[in-house]
Amino acid sequence: MNTNNLICFAVLSLCLVLSLCLAFAETTPIFTGESWWNHVKYLADDKLEGRDTGSAGERMAQKYAVEQLKQAGAEPAGVKGFYQAVKFVSRQIVENDSSLTLIHDGKREPLVLGEDAIISTRVMPAREVSGALVFVGYGLKIPEKDYDDFAGLDLHGKIAVILGGSPAEIPGALSSHYQSQGERWKALREAGAIGTVTLMNPASMDIPWPRIALNRAHPSMALDYPEFNETEGDKISVVINPASAERLFAGSGHRFADLAALGKDRKPLPHFPLTVSLEAKTRVEVRKVESANIVAKLPGTDPALKNEYVVLSAHLDHIGIGEPINGDRIYNGAMDNGSGSALVLDMAQSFRQHPEKLRRSLLLVLVTGEEKGLLGSKYFAAHPTVPAKSIVADVNVDMFLPIVPLKILTVEGLDESDLGDRARQVAQSFGVKVQPDPEPQRNIFIRSDQYNFIRHGVPSIAMELGAEPGSPEQKILKDWLTLHYHAPSDDTNQHVELAAAAKYEEIVRALLINIANENAAPEWKPDSFFRRFATEPAKAGKKTIPVASGLN
Ligand SMILES: [Zn+2]
């Protein structure tokens, strides 16, 4: 090779390197997963003691979040700096002063608390209540579909027995909505019921019964403001272990096993009075708790659109310290929802390090009390720290599970607004497929904070990693729920796919940029059931706004 050729080669090489660099610049990933994981490691550290609502550990998480948001250049957008105070009452059952008894043919048969049943304190139980039991199928009234489980049933002064789930004829989002605590109770109260017994369907239980029962005495919470009481008249709420459910059907001519099998396939269920009645005595200790939502903003630049807000939300709280499993009492909540909170902090920093012109403003909202029934977001959506009408969308991130490679995203609310179309488009540009919720019976759509924004008319979505049916990834995701969801082992010793977390963050960032910069704000689909909330009760200034509180 002579010198001329060498120069030529050098020039060619330089061109090649330059063009590679340019091509690379176009698609350079911003996220690596490293900084995200560092945030998760802090939030899920044992010293934060599982970030229970109102706990010292949660306050440490909030302090950390505020520091990180400041460092990222985000502006305070709460009531007092970054903070918006939220008040709760906590309710803790005193089990040795509480009991459940089935009465059958004059015979009294106690139900063992924890083994056979749990008294839920999500509803404030009456000190004593007794009533005949009536099986009401799925216990749903859905006027839009002319569906009514209470038609022709006499529930006055009685306790409704409900099988968890919904019939196949009802679309997932709609059935989730009507299974929310407030909506369901509205229908039950109209029918005359004084309480509920819920039979968990073994086919759709994320957590096995022994783990549910383990933390039954953990306090539950409610917002300490009269406007949020949506279960007036509900005197008792009991959850039954499927393994003990057969006892309720003695002498009824029906078997729980048959009903559960119908429920598994979302088939129609019969309705009938039971021959067994229930007596409940409950004592609850009540105390006041205070916490806060954390709110920050990244201001937009467009003179008009900067007064509109795109919300990125995640819950910072988890369930705290509980009963030990394998000797570990700290429920660290690394994925639930250290992962989503970390993403919010990482996202703020990404806009500092890789500035992008945003026409609308971004509002970063780290809510409290999600695990207690979506309470922080319920409060925020009812009392936003920016004008309610200026919120154009909510992208909520809760437990997105980057524990398998990211090939498919499940989008909750995919078909409800054009946010779903935008999410699909953005995901596809990263080579990721999008699917609607493959398991609508799990009610994910109402089980996280996006739902409170939806109830106030704001188009919203949530996304989590999905998998092809029957694939090894699907098994990994399913096993995670069984073993680690709401367990102490949801900590930082578990395997995560940093590349999947990073790619997920890229998609969220691109989606936020799209929402901030498109001329049109996101809109509900004309045929979406949820479209009504954009014009209806919340904004018409009704006093009581029914908002979901889920199983989260
Ligand atoms: Zn959770």
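One-based numbering, in listed order, for ligands and for the atoms of each. Note that the structure is predicted; figures quoted are calculated from it, not measured. Numbers for residues simply follow the sequence, beginning at 1.
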How would you list all residue pairs meeting salt bridge (charged side-chain N to carboxylate O under 4.0 Å, His left out) that involve residues 477-495, not counting sequence neighbours? Lys475-Asp479
Which pairs would a plain distance check flag for residues 78-89, meaning a side-chain donor or acceptor within less than 3.5 Å of a matching protein atom at least two apart in sequence or in another chain?
from, atom 1, to, atom 2, distance (Å)
Gln84, OE1, Asn293, ND2, 3.0
Gln84, NE2, His383, O, 2.8

Specify whether an N/O/S atom of Asp336 falls short of 2.8 Å from the Zn ion (ligand 1). yes
Please verify the inter-ring angle class for Phe530 with Trp524; under 30° counts as parallel, over 60° as perpendicular, anything in between as tilted. tilted
So, 2.8 Å as the limit: is an N/O/S atom of Glu370 located closer than that to the Zn ion (ligand 1)? no
Hey, are Glu230 and Lys186 close enough for a salt bridge, meaning a charged N less than 4.0 Å from a carboxylate O? no
At less than 2.8 Å, would any N/O/S atom of His315, backbone or side chain, sit next to the Zn ion (ligand 1)? no
